[in-house]
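If you read the sequence from its start, that first residue is 1, and numbering goes on from there. Because only heavy atoms are used, hydrogens play no part in the values below, and waters and symmetry mates are left out as well, while side chains stay in.
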Amino acid sequence: MKSEGSGRILIVDDEQQIRRFLRISLASQGYAVLEAENGEQALAMVYTQAPDVVLLDLGLPDMDGHEVLQGIREHSTVPVIVVSVRDREEEKVFSLDNGANDYVTKPFGIQELLARIRAVLRLAQKVRGEQTSSYYVSQGLAIDLELRRVTLQQDDVHLTRKEFAVLARLCRYAGRVVTQTQLLKEIWGPTHVDDTHYLRIVISRLRQKLGDDPQTPTLLQTEAGVGYRLLVEAALRP
């Protein structure tokens with residue numbers, strides 16, 4: 001667990017002056033700083049560098065920041081603070097509904113931004129304290145979220161990106177019901193909260209691949225009209 005004043009912050013902004021200002025300010029507080037000037041770089045660095053917080057501008061040269069946010073949320077729960085000149089309430093609400101943890105409008109005061117970074121880091125640490133495992137097991141099934149590997153009776157199970165994203169989200173709430181709306185919103189995006197057939201297809205494929213009986217499932221259970229519950233247990237990686 002990282003203390004306040006430490007951690008890796010990814011700055012995603014195409015303006016060099018903004019990145020330089022943030023880099024100096026964050027480094028002075030003890031943070032390690034990563035930088036990306038476009039969406040493609042940002043997504044790659046989220047997956048390969050594992051930042052603790054992402055500061056995300058929405059006006060990027062290669063894709064809209066909302067697309068970057070959606071791409072991050074397909075596989076990561078890293079805290080994201082949107083830092084943008086877009087100050088309309090609708091823009092802020094859409095960003096927060098789409099998975100952003102906070103929204104700061106440019107121009108901003110650096111002390112306010114630092115306080116918001118500390119706040120999302122504290123919340124992330126609390127969540128990790130409640131659920132720290134990245135390895136889950138159940139009757140011959142092993143799910144390693146860190147290595148992105150799933151095995152059944154020691155044989156590798158090949159999952160699509162969406163299948164793994166759904167499975168990972170259910171693991172994080174192991175034993176608890178995760179609503180259809182929550183899964184659709186976090187994995188497909190807020191515009192797909194009514195597309196329950198997407199989720200049903202993925203759940204059906206997961207049951208087939210994980211050896212769960214679709215008629216009487218004991219691993220991936222359906223709570224009718226509500227959502228799904230994954231019955232796995234957190235374990236130490238062998």
*Between I203, T196, T222, V193, which is the residue that forms a side-chain contact (heavy atoms from CB on, under 4.5 Å) with Q180?*
T196
_Beyond-backbone contact of V78 with R73, side-chain heavy atoms, under 4.5 angstrom_ = yes
_Minimum-distance pair of heavy atoms, taken over all atoms of N38 and L60_ = C-CD1, 4.3 Å
*Considering all heavy atoms of both residues, which atom of Q139 and which atom of Q153 are nearest to each other, and what is their separation?*
O-NE2, 3.8 Å
*Shared ILVMFWY cluster between L26 and F21, side chains joined below 4.5 angstrom?*
yes
*Any link between L145 and L230 through a network of hydrophobic side chains (Ile, Leu, Val, Met, Phe, Trp, Tyr) touching at under 4.5 Å?*
yes
*Please round to the nearest 0.5 Å and tell me the distance separating atom OG of S138 and atom CG of L219.*
5.0 Å
*On the 0 to 90° scale, with breaks at 30° and 60°, tag the F94-H66 ring pair as parallel, tilted or perpendicular.*
perpendicular
_Atom pair NZ (K106) and CZ (R86), whose distance is rounded to the nearest 0.5 Å_ = 10.5 Å
*Roughly how far, to the nearest 0.5 Å, is the CD atom of E67 from the CD atom of Q70?*
8.0 Å
_Taking L69's backbone N and O only, do any of them form a donor-acceptor pair with N98's side chain (distance below 3.5 Å, no angle check)?_
no
*Is the shortest heavy-atom distance from the side chain of L210 to the side chain of V150 under 4.5 Å?*
yes
*Any link between L184 and L170 through a network of hydrophobic side chains (Ile, Leu, Val, Met, Phe, Trp, Tyr) touching at under 4.5 Å?*
yes
*Mind running side chain to side chain contact (heavy atoms under 4.5 Å, CB included) on V46 and H75 for me, showing each step along the way?*
CA-CA 9 Å; V46 167; H75 300 291; over 6 Å; no
*Mind checking whether H192 and Y198 have parallel, tilted or perpendicular rings, split at 30° and 60°?*
tilted
*Taking C-beta and beyond as the side chain, do V80 and V68 meet within less than 4.5 Å on heavy atoms?*
no
*Worked verdict on I117 versus L55 for side chain to side chain contact (heavy atoms under 4.5 Å, CB included)*: CA-CA 9 Å; I117 290 172; L55 303 180; 4.2 Å; yes
*Give a yes or no answer on whether the side chain of R207 reaches the backbone of L220 with a donor-acceptor pair at less than 3.5 Å.*
yes
_V33 reachable from L121 in the ILVMFWY side-chain graph, under 4.5 Å edges_ = yes
*Is there side-chain contact between E91 and L58, with heavy atoms separated by less than 4.5 Å?*
yes
*Just do the side chain to side chain contact (heavy atoms under 4.5 Å, CB included) check on E186 and T181 with the steps written out, would you?*
CA-CA 8 Å; E186 293 181 354; T181 300; over 6 Å; no
*Looking at R229 and E223, what are the two nearest heavy atoms and their distance?*
NH2-OE2, 2.9 Å
*Euclidean distance, I72 CD1 relative to Y47 OH, rounded to 0.5 Å*: 7.0 Å
*Atom CG in D212, atom CG in L206: separation rounded to 0.5 Å?*
10.0 Å
*Any V83 side-chain heavy atom under 4.5 Å of D13 side chain*: no
*asked:* Using the side-chain contact (heavy atoms from CB on, under 4.5 Å) definition, which of the options V166, L199, T179, V178 pairs with Y228?
replied: L199
*What are the two closest non-hydrogen atoms of E37 and P61, and how far apart are they?*
O-CD, 3.6 Å
*So, for R169 and T77, which heavy atoms are closest and what is the spacing to 0.1 Å?*
NH2-CG2, 3.3 Å
*Nearest heavy-atom pair of R149 and F164: which atoms, and what distance?*
N-CE1, 4.3 Å
_Validation row: Y31, V53 side chains within 4.5 angstrom (heavy atoms)_ = no
*Taking atom CG of L10 and atom CD of Q41, what is their separation to the nearest 0.5 Å?*
9.5 Å
*Does L22 belong to the same Ile/Leu/Val/Met/Phe/Trp/Tyr cluster as V12, with side-chain heavy atoms less than 4.5 Å apart forming each link?*
no
*Main-chain N/O of Q49 paired with R8 side-chain donor or acceptor, under 3.5 Å*: yes
